[in-house]
Peer 1: 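Just passing along the structure, written as structure tokens.
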Amino acid sequence: MDFLHLYQWGYKMESTIRFIKEKIGDFVPEIGIILGSGLGDFADEYNLISISYSDIPGFEKSRVEGHKGQLVFGNVHSKNVIMMQGRYHFYEGYSMQTVTYPIKVMKKLGVKVLIITNAAGAVTKNFTPGDLMFITDHINFMGTNPLIGLNDDGLGTRFPDMSEVYSKDLIVKARVIAEKLNISYQTGVYAATTGPSYETPAEIKMYSILGANAVGMSTVPEAIIANYCGLKVLGISCLTNYAAGVSDRPLNHNEVIETADKVKDNFKNLLTEFIKEV
Ligand code: HPA
């Protein structure tokens, strides 16, 4: 075993946690939220303390346009939450370790439930852009896994079970809330690709045959790590567009942002109610 590596890893985590705790004092977050495209201002509404990723030892700067790149601590319906306003994407060139490090940090800070949100393309024809989709399971098409490398036995087991990465119990809660709020939703399987190019129609056809209902470029690495370290996960996709070839329109990032923006109020209401109930 490479003790030096584990020692360095432990040291890095310790300095991250020490730095954050100096800022947040005795605030203990119980719910973590990764805010995907268009949802960033949810964090602004509940911002008690924010810390830029670039200031946190062990974190890297987030480079994506429109993402602030900070951890935001807040209180929603008397629940302490930690929010990622902007995430690291694999397609930006970050390692899987960098992409998933914040999840391990959340675990160490006391988080028990992680809500992962994203924008995704609808693979299933009778889904409609603008719908939310509660993720029931995923298919990892990223060609790698964030757990590759030395295992930290203190966080999780070498070969974690993946039978219920997305908590059935949390999906039921989310569905009840969506119905109460009259928000149209779907449930389905999320397939993750590396991006940054969108998929070809042939790829989307293949993903569909293999059982995917939506496709995106994030979430799976974070969900794998969350499951590994024992967090309950709720995954929600905002279906911003039809995936390539599902409709005859070409894809563009502006459309993704526009649809995410339209759905944002529903999405925020759902999040708020969910946090209250969970
Ligand atoms: N494909 C991949 N990622 C996405 C899409 C898509 O169609 N829409 C939003 N994120």
Side-chain angles (χ1 to χ4, degrees), residues 33-42 62-67 69 84-94 96 99-100 115-144 146 166 184-224 234-264 266-268 270-271:
I33 313 172
I34 305 176
L35 297 166
S37 303
L39 264 186
D41 58 358
F42 181 81
S62 175
R63 298 183 283 250
V64 166
E65 218 184 301
H67 285 312
M84 289 183 71
Q85 201 172 29
R87 55 148 64 83
Y88 298 104
H89 293 95
F90 191 55
Y91 63 72
E92 293 172 274
Y94 295 115
M96 279 287 169
V99 170
T100 55
I115 305 170
I116 311 181
T117 68
N118 62 45
V123 171
T124 299
K125 256 200 181 81
N126 55 14
F127 289 2
T128 310
D131 285 347
L132 298 180
M133 185 187 91
F134 300 127
I135 303 175
T136 53
D137 205 348
H138 75 224
I139 305 177
N140 180 7
F141 280 115
M142 291 181 135
T144 184
Y166 304 88
S184 77
Y185 71 89
Q186 310 288 350
T187 57
V189 174
Y190 175 92
T193 70
T194 64
S197 51
Y198 288 117
E199 305 70 32
T200 64
E203 285 165 347
I204 293 300
K205 189 172 169 192
M206 174 185 78
Y207 296 152
S208 169
I209 291 167
L210 295 180
N213 303 105
V215 63
M217 306 173 190
S218 68
T219 300
V220 162
E222 296 105 313
I224 291 172
L234 176 73
I236 315 175
S237 292
C238 172
L239 304 175
T240 51
N241 57 283
Y242 280 118
V246 178
S247 80
D248 47 19
R249 297 190 41 209
L251 274 65
N252 74 71
H253 185 60
N254 288 340
E255 183 184 343
V256 169
I257 299 299
E258 264 167 42
T259 314
D261 203 55
K262 275 186 204 145
V263 178
K264 158 173 104 175
N266 273 350
F267 210 153
K268 289 199 289 192
L270 183 101
L271 274 182

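What you are looking at is a predicted structure, and each value in this text was computed from that prediction instead of being measured. As the structure lists them, so they are numbered: ligands from 1, and atoms in each ligand from 1.
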Peer 1: Check Ala244 against Thr200 and note the closest heavy-atom contact, atom names and distance.
Peer 2: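 In terms of heavy atoms, the two residues are closest at CB-C, 4.0 Å.
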
Peer 1: In terms of relative ring orientation, are Tyr185 and Phe134 parallel, tilted or perpendicular, with 30° and 60° separating the classes?
Peer 2: tilted

Peer 1: Closest approach of Tyr190 and Ala120, non-hydrogen atoms and distance?
Peer 2: CE1-CB, 4.0 Å

Peer 1: Are there any protein N or O atoms under 3.5 Å from the N or O atoms of ligand 1? List them with distances, or say none.
Peer 2:
{"unit_1": "ligand 1", "atom_1": "1 (N)", "unit_2": "Glu199", "atom_2": "OE1", "d": "2.9"}
{"unit_1": "ligand 1", "atom_1": "1 (N)", "unit_2": "Glu199", "atom_2": "OE2", "d": "3.3"}
{"unit_1": "ligand 1", "atom_1": "7 (O)", "unit_2": "Asn241", "atom_2": "ND2", "d": "3.0"}
{"unit_1": "ligand 1", "atom_1": "8 (N)", "unit_2": "Gly121", "atom_2": "N", "d": "3.3"}
{"unit_1": "ligand 1", "atom_1": "8 (N)", "unit_2": "Asn241", "atom_2": "OD1", "d": "2.7"}
{"unit_1": "ligand 1", "atom_1": "10 (N)", "unit_2": "Ala119", "atom_2": "O", "d": "3.4"}

Peer 1: Under 6.0 Å from the NZ atom of Lys268, do we count more than 12 heavy atoms belonging to anything else shown?
Peer 2: yes

Peer 1: Can you tell me which residue among Ile135, Thr136, Asp131 is in a side-chain contact (heavy atoms from CB on, under 4.5 Å) with Met133?
Peer 2: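 Among Ile135, Thr136, Asp131, the one that satisfies the side-chain contact (heavy atoms from CB on, under 4.5 Å) with Met133 is Ile135.
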
Peer 1: Is a side-chain donor or acceptor of Asn266 paired with a backbone partner of Val263 at a separation under 3.5 angstrom?
Peer 2: no

